[in-house]
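If you're wondering where the values come from, they're calculated on a predicted model, not measured in any experiment. The sequence lines fix the lettering, A, B, ..., with proteins before strands; numbering per chain opens at 1.
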Amino acid sequence: MSNIKQKIREQIAHMITDAVAREGFEAVAFSVETPRELSHGDFSTNAAMLIAKSAKMPPRTVAERLLSGMKTEGTYVEKVEVAGAGFINFRLGIGWLYEVLPLVEQKGARYGEVSAGGGKKVMVEFISANPTGPMHMGNARGGALGDSMASVLDFAGFNVTREFYLNDAGNQIEKFGCSLEARYLQQCGEDVPFSDEWYQGEDITERAKEFIAEVGDSYVSKGSDERRQALIAFGLEKNVNLMKKTLEAYGIRYDVWFRESDLYKSGEVDEVLALLKDSGHTYEKEGAVWFRASDDGEKDEVLVRANGVPTYFAADIAYHRNKFLKRGFDKVIDIWGADHHGHVARMKTAMDAVGISPDRLEVVLMQLVRLMRGGEVARMSKRSGKAISLGDLLDEIGVDAARFFFNMRNAGSHFDFDLDLAVEQTSNNPVFYVQYAHARICSIIRLLAEDNVRVKFVSEIDPTLLLEDAELSLLRKIGELPDEITAAAQTLEPARMTRYAIELANEFHSFYNACRVNVEDEPLKATRLKLIDSARQVLANVLGILGVSAPEKM
RNA sequence: GCGCCUGUAGCUCAGUAGGAUAGAGCAAUUGCCUUCUAAGCAAUGGGUCAGGAGUUCGAAUCUCUUCAGGCGCGCCA
């Protein structure tokens, strides 16, 4: 059992179901939840209110009857009572809290893990930035979100794959090639025009210069096609390596870098086009091949342009088919910028058309980010003077602040990123607040170790010595992690982990002010030391999920 | 015009399959270091949950509607 609270919840649900049957009430889908206020007990159910109508009785009467024969012997429940409009509140004895410590010890770095995922294969595809330039703030948010979501799912018992889809084919690569070629020729002294439609960034010129450093002007005299291909290959490799480096600094490592071009090479794009055509999902108009989505109330979309080149959409269908059919993922999560939301419904319609149930694909849309500095929108990097890239952000505020801040808000909310706050070394800054809790614990452990007092095994201490409110609430908070993981995985909201981390840090800091660890009473000292060491472990686990370091000293 | 997202304390946001007196953090005011890191803790004040109507035992949450902000509706990705 990896989740004590879940076990108790099931126990209570069982007691209620039995009581409902015994009293001859109609079975209802009641909930067993944790009331906001502790004074309302540890768990509470709305069963009586739901039954009231069909039983034609006041809710409180129903509650009394349910309660009348309820046996709590042999359960964690100490007290049951009717309250409010007809809630039945369950108060637990404190015994269950003491089971938290052995569980943390046993699971260690995997404490928090639950089996909800049942080992299902799930892919999280995130960032998938165009390799034609540096990564921007949308990529930064998507990276923090996707990577932590993947970690959450891993803890929730899924078999997780992190994937980056590399758009190394199609239109934007052509543009990339044209841009590089023009810059290359310009750098070699040729007078060639530069189209407004190409990539204007400095990085293109940089790539051209680097190319010259390797091959000189030898490509000036060659054919445009050959020249462009060489530049694309060169620029792509440079950019991809740069991305990998930046992402590594950002704490993200992918399992798979999937190349769009491979879908063309393997014939999967043609394959899926044929499939759609044979099943009557396409039609031709003005020389182009269209996907018929209008049956589902969506707009039709071009699959193959009049010039014979398939669109991104066509490749994307092939890509998703590959994820499900060729590689057997049970579930795929795509993280996209909110500006792509128009694509979601069509993608799902297309999934349906190639015979894949659309609800196996989950698209998480992420609102865009505004960087704020000095109360105003910051567009330019302090260092480079250019648009702020992920690399610039990491230089300015560091990985920890970036990873933590991007996961403070749910994907769906617009996010103003306060750059000033992110580097502040005060309690205003939640990253420091949480890290400080971890460092503070490490500091106590370190000092006690100097006196030869070590953290003991749970079998060597007596958890029931923990009786103070501060101690019990800390234990309670530690005990909540499996539930939090479950919820975060279910809602695909790793931001829950950030909030949990802050709450846990808060519980520890309160404990710290209320109770000393280094007391005369040796058994109590050992037990409290075990308690804070468990808190340390849990903080480290959560920070790990968030991709934030857990410093031992600050 | 049609579609999607958002609107909760001065600010930034939570609010768990409708649940009890709507919560945190910051900012403001006030206490707490002869004691393991005061990068901390405790207390106080602060709300027409954008407005309106409906559904019901019960709505910030569901439905309808109005308003405000963001985004999308390419042979771009």
Mind listing the N/O atom pairs, protein and nucleotides 8-11 of chain B, below 3.5 Å?
none

Going by distance alone, is a donor N or O of one side chain under 3.5 Å from an acceptor N or O of the other, for His414(A) and Arg370(A)? no
When the aromatic ring centroids of Phe508(A) and His438(A) are compared, is their separation below 6.0 Å? no
Touch check for Asn89(A), heavy atoms < 4.0 angstrom, all strands: base, sugar-phosphate only, or nothing? base
Over how many whole Å does the gap from Arg370(A) atom CZ to U12(B) atom C1' extend? 12 Å
Pick the P atom in U6(B) and in G45(B), then give their distance to the nearest Å. 33 Å
For the C1' atoms, the ones on G10(B) and on A27(B), what distance do you get once it is rounded to whole angstrom? 8 Å
Can you find a donor-acceptor N/O pair under 3.5 angstrom joining the side chain of Thr311(A) to the base of A77(B)? no
Can you give one letter per nucleotide of nucleotides 68-73 of chain B, going 5' to 3': B for a protein heavy atom under 4.0 Å from the base, S for sugar-phosphate only, - for none? -BSBSS
To the side chain of Met554(A), which of A39(B), C36(B), C13(B) is closest? A39(B)
Could you measure between the two C1' atoms, the one in G69(B) and the one in U8(B), and give it in whole Å? 16 Å
Please work out if Leu50(A) contacts a base, only the sugar-phosphate, or nothing of the nucleic acid, heavy-atom cut-off 4.0 Å. base
Opposite nucleotide pairing with A28(B), Watson-Crick or G-U, both atom distances under 3.5 Å: U44(B)
Sequence-distant partners of Arg528(A), salt bridge (charged side-chain N to carboxylate O under 4.0 Å, His left out), two or more places apart: Glu471(A)
Is C33(B) syn or anti, taking syn as a glycosidic angle within 90° of 0? syn
Proximity of Phe406(A) and Phe417(A) rings by center, below 6.0 Å: yes
By the 4.0 Å heavy-atom rule, please label Cys442(A) as base, sugar-phosphate, or nothing. nothing
Can Phe87(A) be called stacked on G19(B) when the rule is centres closer than 5.5 Å and an angle between planes below 30°? no
Report all side-chain donor-acceptor pairs from residues 58-66 of chain A shorter than 3.5 Å, counting only partners two or more places apart or in another chain.
| unit_1 | atom_1 | unit_2 | atom_2 | d |
| --- | --- | --- | --- | --- |
| Arg60(A) | NH1 | Gly84(A) | O | 2.7 |
| Arg65(A) | NE | Glu23(A) | OE1 | 3.0 |
| Arg65(A) | NH2 | Glu23(A) | O | 3.3 |
| Arg65(A) | NH2 | Glu23(A) | OE1 | 3.2 |

C13(B) OP1/OP2 closer than 4.0 Å to side-chain N/O of Ser413(A): no
Any-strand Watson-Crick or G-U partner of C62(B), both distances under 3.5 Å: G54(B)
To the side chain of His509(A), which of G19(B), C36(B), C41(B) is closest? C41(B)
Residue pairs meeting side chain to side chain donor-acceptor pair (under 3.5 Å), one or both in residues 510-519 of chain A, sequence neighbours left out, come to Asn518(A)-Lys525(A)
Between the protein and nucleotides 28-33 of chain B, are there any N/O to N/O pairs under 3.5 Å, and if so, what are the atom names and distances?
none

Does Gln490(A) reach a base, just sugar-phosphate, or nothing at all? Heavy atoms under 4.0 Å. nothing
Can you tell me if Asn506(A) touches the phosphate of C41(B), counting only side-chain N or O atoms and a distance under 4.0 Å to OP1 or OP2? yes
Considering only NZ, NE, NH1 and NH2 on the basic side and carboxylate oxygens on the acidic side, decide whether Glu197(A) and Lys175(A) come within less than 4.0 Å. no
Whichever of Met49(A) and Ser443(A) has the more 5' nearest nucleotide on RNA chain B, that residue is Met49(A)
Need one value for Asn410(A): base, sugar-phosphate or nothing, where a base atom within 4.0 Å counts as base even if backbone is also close, heavy atoms only. sugar-phosphate
Of the listed nucleotides G19(B), A20(B), C36(B), the one nearest the side chain of Val517(A): C36(B)
Using Watson-Crick or G-U wobble geometry with both distances below 3.5 Å, tell me the partner of C36(B), or none. none
At a heavy-atom distance below 4.0 Å, what parts of residues 493-502 of chain A sit against RNA chain B? Arg499(A)
Could you pull out all residues at least two apart from Phe404(A) that satisfy ring pair (Phe, Tyr, Trp, His ring centres under 6.0 Å)? none
Short side-chain N/O contact to C57(B) OP1/OP2 from Arg60(A), under 4.0 Å: no
According to the Watson-Crick and G-U wobble definitions, with both distances under 3.5 Å, which nucleotide is paired to U16(B)? none
Rounded C1' spacing from U63(B) to U55(B) in Å: 7 Å
Below 4.0 angstrom from OP1 or OP2 of A38(B), is there any side-chain N or O of Tyr512(A)? yes
Ring center gap for His343(A) and Trp336(A) short of 6.0 angstrom: yes
Hey, what's the ring geometry for His281(A) with Phe291(A), parallel, tilted or perpendicular (30° and 60° as the breaks)? parallel
For Thr491(A), report the nucleic acid contact type (base, sugar-phosphate, nothing); a contact means any heavy atom under 4.0 Å. nothing
Please check the phosphate of C76(B) (OP1 and OP2 only) for any side-chain N or O of Asn171(A) closer than 4.0 Å. yes
For nucleotides G7(B) and C76(B), find the distance between their C1' atoms and express it as a whole number of Å. 32 Å
With sequence neighbours left out, the residues meeting salt bridge (charged side-chain N to carboxylate O under 4.0 Å, His left out) with Asp339(A) are none
P spacing across the pair C71(B) / C41(B), given as an integer number of angstrom: 38 Å
Salt bridge between Glu10(A) and Lys7(A), side-chain N to carboxylate O under 4.0 Å? no
Validation: residues 446-456 of chain A side-chain donor-acceptor distances under 3.5 Å, sequence neighbours left out:
| unit_1 | atom_1 | unit_2 | atom_2 | d |
| --- | --- | --- | --- | --- |
| Arg446(A) | NH1 | Glu552(A) | O | 3.2 |
| Asn452(A) | OD1 | Arg454(A) | NH2 | 3.3 |

Face-on cation placement of Lys79(A) at Phe90(A) ring, 6.0 Å and 45° thresholds: no
Would you mind pulling out the nucleotide paired to A9(B), Watson-Crick or G-U wobble, both distances under 3.5 Å? none
Test of understanding: with salt bridge (charged side-chain N to carboxylate O under 4.0 Å, His left out), list the residues that count as partners of Glu260(A), not counting sequence neighbours. none
Tell me which nucleotide, if any, is Watson-Crick or G-U wobble paired with G1(B) when both distances must be under 3.5 Å. C73(B)
Closest to the Lys53(A) side chain, choosing from A20(B), C57(B), A77(B): C57(B)
Side chains of Asp270(A) and Tyr264(A): donor-acceptor distance under 3.5 Å anywhere? no
Return no unless some side-chain N or O of Ser31(A) is found under 4.0 Å from OP1 or OP2 of U16(B). no
Taking the same atom, P, in A42(B) and in G25(B), what whole-Å distance lies between them? 8 Å
Using the ring pair (Phe, Tyr, Trp, His ring centres under 6.0 Å) criterion, which residues pair with Tyr319(A)? Sequence neighbours excluded. Tyr165(A), Phe258(A)
Would you measure the distance from the P atom in A24(B) across to the matching atom in A20(B) and give it in whole Å? 15 Å
